[in-house]
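Side chains included, hydrogens not; waters and symmetry mates left out as well; all remaining heavy atoms used.
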Protein chains: 4
Amino acid sequence: MDISPDNRTHRTKGSETAARVRGAALRLFAQNGYAAVSMREIANEVGVRPGALYNHFSTKQDLLKHLMLSHMAALMEAWHHQLGNPSASDPLDTFVRFHIRYHLDRADEVFISYMELRNLEPQNFKQVETERRKYEAILTGILEAGSKAGVYAVEDAKVTTRAIIAMLTAIPSWYRDNGALSRQQIEDLYSTMVRKSVAPGLPYEPRENG
Amino acid sequence: MDISPDNRTHRTKGSETAARVRGAALRLFAQNGYAAVSMREIANEVGVRPGALYNHFSTKQDLLKHLMLSHMAALMEAWHHQLGNPSASDPLDTFVRFHIRYHLDRADEVFISYMELRNLEPQNFKQVETERRKYEAILTGILEAGSKAGVYAVEDAKVTTRAIIAMLTAIPSWYRDNGALSRQQIEDLYSTMVRKSVAPGLPYEPRENG
Amino acid sequence: MDISPDNRTHRTKGSETAARVRGAALRLFAQNGYAAVSMREIANEVGVRPGALYNHFSTKQDLLKHLMLSHMAALMEAWHHQLGNPSASDPLDTFVRFHIRYHLDRADEVFISYMELRNLEPQNFKQVETERRKYEAILTGILEAGSKAGVYAVEDAKVTTRAIIAMLTAIPSWYRDNGALSRQQIEDLYSTMVRKSVAPGLPYEPRENG
Amino acid sequence: MDISPDNRTHRTKGSETAARVRGAALRLFAQNGYAAVSMREIANEVGVRPGALYNHFSTKQDLLKHLMLSHMAALMEAWHHQLGNPSASDPLDTFVRFHIRYHLDRADEVFISYMELRNLEPQNFKQVETERRKYEAILTGILEAGSKAGVYAVEDAKVTTRAIIAMLTAIPSWYRDNGALSRQQIEDLYSTMVRKSVAPGLPYEPRENG
DNA sequence: TATGAATGAGGGTTCATTCAT
DNA sequence: GATGAATGAACCCTCATTCAT
């Protein structure tokens, strides 16, 4: 299943139905979980009979794979686009803000991408996992470079990556558009927290604990 | 009335089954997700026919509810027990280490408790959510107290709570017993990161970003 | 399964539970139908676990058979007792009033006896059917005797029996204790109708009809 | 668009299945009772897998409702059609003969309609009950009109309606095509009985009874 | 007698998927 | 592309019944 852009040609008419199927599946999978959503529900949401779905996706699994791979592709593309607009700011700050923004904009995609990994068949899992690792490698790279330059104090860049990503990725699970904090405030809070967490010059020593 | 030793096996056979059902469900739900696990699979794992499960749990949903509520109860009890062994150390450090240890010991319970929330029927969800909030309130309290005392610099204790909990709770998702880092090392790393993230005296100012 | 009275001895203690089981089954079968009532429901109603029912009745079918056979036995006994108090009145009138009274007093038994015949296993069905025929034979006898004596005009005593019994037996299905008609009024109405339906001297001729 | 003759078989295959499901359910419900018949049995009878039934009826209950409502509708339509062929005969006689004929022709529908009322969910029960009352109102109307005209002597037209309908409706429960009495003879017998039961000029007085 | 736990069968229903039209 | 109907497997759950205690 190829999702690279230049391969789109064979779906020239664009199949509006296919897009609506993706949309419905995205929302329903995010809301109720892949295993708990039936093809019938998706079809209902689209306004079509279940059989029609199979004109666009060969299986339910294929639908999930599409959603996850195209999310990862879009995420990577967005990051590369972001890099095209270089800012003078700290790259960690840039990454944190980018991640928060993107993940708040695509809450459903993000949620699925983290929750439904185990419902991917092994081969599909591998593909998605590869993409995910590439994304996380971006942050690891930033941390390692900053660490080498003495800007950050990071003991284990991979673990730190996981910690930061986990922290940030959870935001959409509680963020509400009309909540107490604006997106900007959340960005600021988390950016501060993250940068402090890897700040040098704070000689916290590991210590024993009972 | 009965003094023969081997008859205890009969007396307790029932509750033993219930315990084994909980155990099997716990493992299977954690591995494959609530919706993807059938009562037949659980019964097979326990070595019993599916109908027998219903002597111990009235529905599959009831089984999930039990797992989640008893996890939360055990977690709270463990924390209160921990408080009984007071240490001179920083309470944030104590909490972080406690959380990591407990969550690495109960990876399945933790995983279910975060992943299967949406599969709880509303009434059960409310109960579990109440317990979860009580637990998170512990950390929020620590942060607020430390903040007031000037030991921590925290802008929004509730958001910080969520960030820290998310960070810590993700650990069991990648930790492996024979992995690169020992539990102690992980504790140390995360404790350092968390304490730095709320450390005062680090003049990271929120800044504008496009 | 013997229900003759002198055989009661082997159930000397009377087993109050057995009686309560019969009572609960009677009500539930009448209300929801034999097939739709579970042994669990009966047990619940009695306040006992399902297994305990089998100390009193060997199967669900056995319970039904008991209810139906003992109803028929009681009905016959009541009729014979009624004959012991001879009245000067017309025997058809006597039968109609007896039937109405008895059936209004034992609505559940009657209902079951007519509705659940098909749920009896063949051998049990035969027993109950035999009893039912004996009861209907009473009315047929009355009609035949009266017919021979010229008091009634009946073309086919067996068909007339069925017609009258059907008419009377339906009463409990709509009768309500606080309804528009008293029991006495119903008795009077039906007695009049029945006696007129077999009255001689009304030369209604069978006729063609399109 | 399609003019080939043999393609009509495909077009109507679906509705044919629905009709065969109704037919099988009708026979089986009448024979064994709604609660005792499984969807699997119906499917077997139709020659289809159980799941296929749900393409035509959403639930077993829905199937029962359909059977009962369409029976009532057909009955009412048949009566109105009968009214279109006016006969010079007594309307009570007309009704009785109509009822007997229709009910002997549709023994299964009739049987179900009287036996399975209690297995209808409340909302469906209400619908069917409404139709039944409309049908009974026909007879009540005949009795009231004849009573007012002095042709019949009826004390309570509603009770008399119930009595007559019960009497007539029971016929299919014992009628056999090769039995002792022909349909015509049964019609004649019951018509005579019914008309005598409401005949005026028969001075049967209600009387006391102990 | 009553219980708790189990069984084996089967209940109604839904599932992803196929396919002729 | 979409539909209606079908399949075969599986779903959660309940059933009557048994039996050691």
Does some side-chain heavy atom of [Y] sit less than 4.5 Å from a side-chain heavy atom of [X]?
X        : Y        : answer
C/Asn119 : C/Gln61  : no
B/Arg22  : B/Phe57  : yes
B/His66  : B/His56  : no
C/Phe29  : C/Asp108 : no

task: Once you apply the 3.5 Å cut-off to both distances, tell me the Watson-Crick or G-U wobble partner of F/dT21, or none.
output: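 Paired with F/dT21, as far as the under-3.5 Å criterion goes, is E/dA2.
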- prompt: Which nucleotide, in any strand shown, forms a Watson-Crick or G-U wobble pair with E/dT14, with both distances under 3.5 Å?
  reply: F/dA9
message: Both C/Val48 and B/Gly51 contact DNA chain E. Which one's nearest nucleotide lies toward the 5' end?
response: C/Val48
field: 5' precedence on DNA chain E between C/Arg40 and D/Ala35 (nearest-nucleotide basis)
entry: C/Arg40
Grab the [atom1]-[atom2] distance between [X] and [N] for me, whole Å please.
X       : N      : atom1 : atom2 : value
A/Arg49 : F/dA5  : CZ    : C1'   : 12 Å
A/Asn44 : E/dA16 : CG    : P     : 12 Å
C/Asp62 : F/dT17 : CG    : C1'   : 13 Å
B/Lys60 : F/dT14 : NZ    : P     : 14 Å
A/Leu53 : F/dG4  : CG    : P     : 14 Å
D/Glu16 : E/dT21 : CD    : P     : 14 Å
C/Glu41 : F/dA16 : CD    : C1'   : 13 Å
B/Phe57 : F/dC12 : CZ    : P     : 15 Å

query: Closer to the 5' end of DNA chain F via nearest nucleotide, is it D/Ala52 or B/Pro50?
result: D/Ala52
message: Regarding C/Val46, tell me which of base, sugar-phosphate or nothing describes its non-hydrogen contacts under 4.0 Å with the strands shown.
response: nothing
Quick one: is [N] close enough that its OP1 or OP2 comes under 4.0 Å of any side-chain N or O from [X]?
X       : N      : value
D/His56 : F/dG4  : no
D/Ser38 : E/dG11 : yes
D/Thr17 : F/dA6  : yes

- request: Could you give me the CA-CA distance, side-chain angles and deciding distance for D/Arg20 and D/Glu45, then say whether salt bridge (charged side-chain N to carboxylate O under 4.0 Å, His left out) is met?
  value: CA-CA 9 Å; D/Arg20 284 169 55 217; D/Glu45 194 85 356; over 6 Å; no
